[in-house]
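The structure under discussion appears below in the form of structure tokens.
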Amino acid sequence: MKKLFTLVTLIFFSSLLLGQTPFKDLDIKQFKYADAKNRTLDLALNQAIEHYNAKYYQHTQAANYFYFDVSFNSRQFKNTRKIQHMSALFGDFNFYKAKTKVSSRPWEIEGNFAYNTQSRFYRENKFLEFGPEIGISFEKGKYLKLNVAVSLKKGRGRIEPVSDVYMVRWMLKDMEDSGVNLAVWTQDDVFEVANRLNVINNYRIFDGRRQLKTQVKDISMAIESKGMSSLEPFDLFGIVFDNYTRAFIGNRFEGSRHAFVARPFFDNRDNGNEQIDISNGYGVELFGEYFRSRNTSLNSQHSLEFQSGVGFYSTDANKYKFLYPFLQGKYEYSWYPNSRTTLSWHAKAQFRYEENKLLNPYYITPSKSLIIGNVGLNTNYFVNFKTRVQANFSVSYNDSNSGYITSGSKESFIFVTFIKFLHSIY
């Protein structure tokens, strides 16, 4: 009888723990993003300073670059259990000036435009992905370049956007700090409100003030329907308004994904007044990739990405073909001290070797290896739900071992700092 009583007691308390998941112990891996469509359009002003320092054949070359940049970025995202579709249109105009110890070059103008889309079709946890991309870049009076590619992927795994969950968690944390007892809230309640928040985020009302008022009201009602204890309605409205209008959007993800990729591509370059006016190239890359993003708490996120494979490239510029095995990866740690500030640190590296002997019977161009490393710190401060300020500091190291250069090698260090102002149209 005593053992039976003990067993019943354990089952009872276990059911309480499962039914009332503590706010700070949400199992974010259980969250499934709702069927949703959303879109964004950002305009940005960017000012940057770059210091370049290169060494080759016992010579050192240093230069400072000053950049002013105007850009736009439009994104669309659709999510169901059977498909994840993303598309992005990007463009920028960059005005820059170079200055060395002996000369100061005039202002130059360059531009970049790109469009890419990924359609990932799921059957349970497996997927097939189709991803065309196109890019155009130019520098006034120097070149015009076109790049076209398509990625074909077969893989397994899924990464869910979880920013809305953490938005709700920040709101609940503020409520808890105000003395609200959150014992009545379950994990499913948090997930339900988060998916409701996704729908509210995508309201489109021509009058911006009316849209914001409706969004804040509906979020407040969604939270209130789950129970808020002794908190007054005006206090709840204030907490929702503060977090909703001054918090991060769309930068937290959870899950992992890996795939095998085939990526054929084509490029065309018009070099203007140079000796070779137009050159064409084509090739294909075959590689494996792995992505993982993990949220370890309300305040931290870790992400990792890795690619390894081999590529083939042929160009008519120098009448040669080559293979290039490559290996690259990136790790990033993000810290969120509050709901409107993001600090992230990253480290990434790449190795590539261009083998020119194997496919060129009349071997002329020497083989080449390239090592690239980069570390950086990124900061984001969200002034309000439409305007953000970003700052960045990064250091890059490039080591190119090639017969193109008399000494056979070239090393460079690049230091970059920038500050950017972004404003979202919708």
Side-chain angles (χ1 to χ4, degrees), residues 33 73 75-90 112-137 145-161 250-251 253-268 280-294 302-315 321-332 346-356 358-359 368-374:
Y33 195 67
N73 193 336
R75 295 181 180 273
Q76 293 188 1
F77 176 68
K78 176 183 178 181
N79 185 83
T80 70
R81 288 299 98 192
K82 293 184 177 181
I83 186 173
Q84 281 186 334
H85 173 80
M86 291 150 283
S87 63
L89 176 65
F90 169 84
N112 299 279
F113 299 91
Y115 175 78
N116 64 77
T117 179
Q118 300 92 42
S119 297
R120 198 172 300 120
F121 302 93
Y122 275 92
R123 185 174 182 179
E124 296 180 346
N125 200 38
K126 299 179 181 179
F127 68 85
L128 296 174
E129 180 179 321
F130 176 72
E133 54 191 271
I134 183 171
I136 299 173
S137 59
K145 188 172 183 179
L146 169 68
N147 295 282
V148 180
V150 59
S151 296
L152 305 171
K153 302 182 182 182
K154 181 178 181 180
R156 182 189 297 268
R158 189 180 181 104
I159 296 177
E160 301 282 3
N251 56 0
F253 301 90
E254 182 69 30
S256 63
R257 186 176 70 237
H258 61 271
F260 175 77
V261 185
R263 181 179 178 271
F265 60 88
F266 167 82
D267 63 62
N268 171 274
N280 297 304
Y282 64 90
V284 63
E285 294 179 335
L286 304 174
F287 59 94
E289 66 176 17
Y290 174 78
F291 294 92
R292 179 183 177 183
S293 182
R294 182 185 178 194
H302 303 259
S303 62
L304 177 69
E305 59 183 84
F306 178 81
Q307 295 92 24
S308 179
V310 63
F312 162 79
Y313 184 68
S314 176
T315 175
K321 307 170 183 178
F322 61 86
L323 297 174
Y324 56 96
F326 62 91
L327 178 68
Q328 58 193 29
K330 177 183 178 181
Y331 169 79
E332 184 170 9
H346 74 264
K348 56 184 178 181
Q350 176 185 359
F351 171 78
R352 171 170 161 158
Y353 182 76
E354 296 181 1
E355 172 52 66
N356 292 307
L358 188 62
L359 300 179
K368 175 183 178 181
S369 65
L370 177 66
I371 298 174
I372 300 175
N374 176 272

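Everything quoted here is computed from the prediction, not taken from an experiment. Residue numbers run from 1 in the order of the sequence given.
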Do you know the tightest heavy-atom contact between [X] and [Y]?
X: Ser151; Y: Val261; answer: CB-CG1, 4.4 Å
X: Ser314; Y: Phe312; answer: CB-CZ, 3.9 Å
X: Asn112; Y: Ser137; answer: OD1-CB, 3.2 Å
X: Phe287; Y: Arg263; answer: CE2-CB, 4.4 Å

Next on the checklist: I'd like to know whether Phe90 forms a side chain to side chain contact (heavy atoms under 4.5 Å, CB included) with Asn116, so could you lay out the CA-CA distance, the side-chain angles of the two residues, the decisive distance to 0.1 Å, and finally the verdict.
Outcome noted: CA-CA 9 Å; Phe90 169 84; Asn116 64 77; over 6 Å; no
Checklist entry - Hey, what's the ring geometry for Phe265 with Tyr313, parallel, tilted or perpendicular (30° and 60° as the breaks)? => result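 Parallel, since the angle between the ring planes stays under 30°.
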State, with a plain yes or no, whether a side-chain heavy atom of [X] is found less than 4.5 Å away from one of [Y].
X: Leu152; Y: Leu128; answer: no
X: Phe253; Y: Pro161; answer: yes
X: Tyr331; Y: His302; answer: yes

Test item: [X] side-chain N/O and [Y] main-chain N/O as donor-acceptor pair under 3.5 Å:
X: Thr117; Y: Met86; result: yes
X: Gln84; Y: Ile159; result: yes
X: Tyr122; Y: Gly157; result: yes

Next on the checklist: What I want to find out is whether Lys153 reaches Glu129 closely enough, with some N-O distance under 4.0 Å, to be called a salt bridge.
Outcome noted: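 Result for this pair is yes, salt bridge flagged.
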Item to check | The single option from Arg81, Arg257, Arg294 passing salt bridge (charged side-chain N to carboxylate O under 4.0 Å, His left out) against Glu160 | outcome: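 So the option named by the test is Arg81.
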Checklist entry - Is it the case that more than 12 heavy atoms not belonging to Arg352 sit under 6.0 Å from its CZ atom? => result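 Atom CZ in Arg352 is packed in, count exceeds 12.
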Checklist entry - Run the side chain to side chain contact (heavy atoms under 4.5 Å, CB included) check on Leu327 and Phe306 step by step: do they pass? => result CA-CA 8 Å; Leu327 178 68; Phe306 178 81; 3.2 Å; yes
[X] side, atom [atom1]; [Y] side, atom [atom2] - distance, nearest 0.5 Å:
X: Phe127; Y: Arg156; atom1: CZ; atom2: CZ; result: 10.0 Å
X: Arg158; Y: Glu254; atom1: CZ; atom2: CD; result: 13.5 Å
X: Ser256; Y: Phe291; atom1: OG; atom2: CZ; result: 11.5 Å
X: Ser369; Y: Tyr353; atom1: OG; atom2: OH; result: 7.0 Å
X: Glu285; Y: Tyr324; atom1: CD; atom2: OH; result: 3.5 Å
X: Glu354; Y: Leu323; atom1: CD; atom2: CG; result: 10.5 Å

Next on the checklist: Run Tyr290 and Leu304 through side chain to side chain contact (heavy atoms under 4.5 Å, CB included) and show every step you take.
Outcome noted: CA-CA 8 Å; Tyr290 174 78; Leu304 177 69; 4.3 Å; yes
Next on the checklist: For a quick check under 3.5 Å, do Asn147 and Asp267 share a side-chain donor-acceptor pair by atom type?
Outcome noted: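 No pair is found: no donor N or O on one side chain lies under 3.5 Å from an acceptor on the other.
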Next on the checklist: Name the residue from Lys348, Lys330, His346 that meets the side-chain hydrogen bond (donor to acceptor under 3.5 Å, both in side chains) definition with Asn374.
Outcome noted: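 Only one of Lys348, Lys330, His346 forms a side-chain hydrogen bond (donor to acceptor under 3.5 Å, both in side chains) with Asn374, namely His346.
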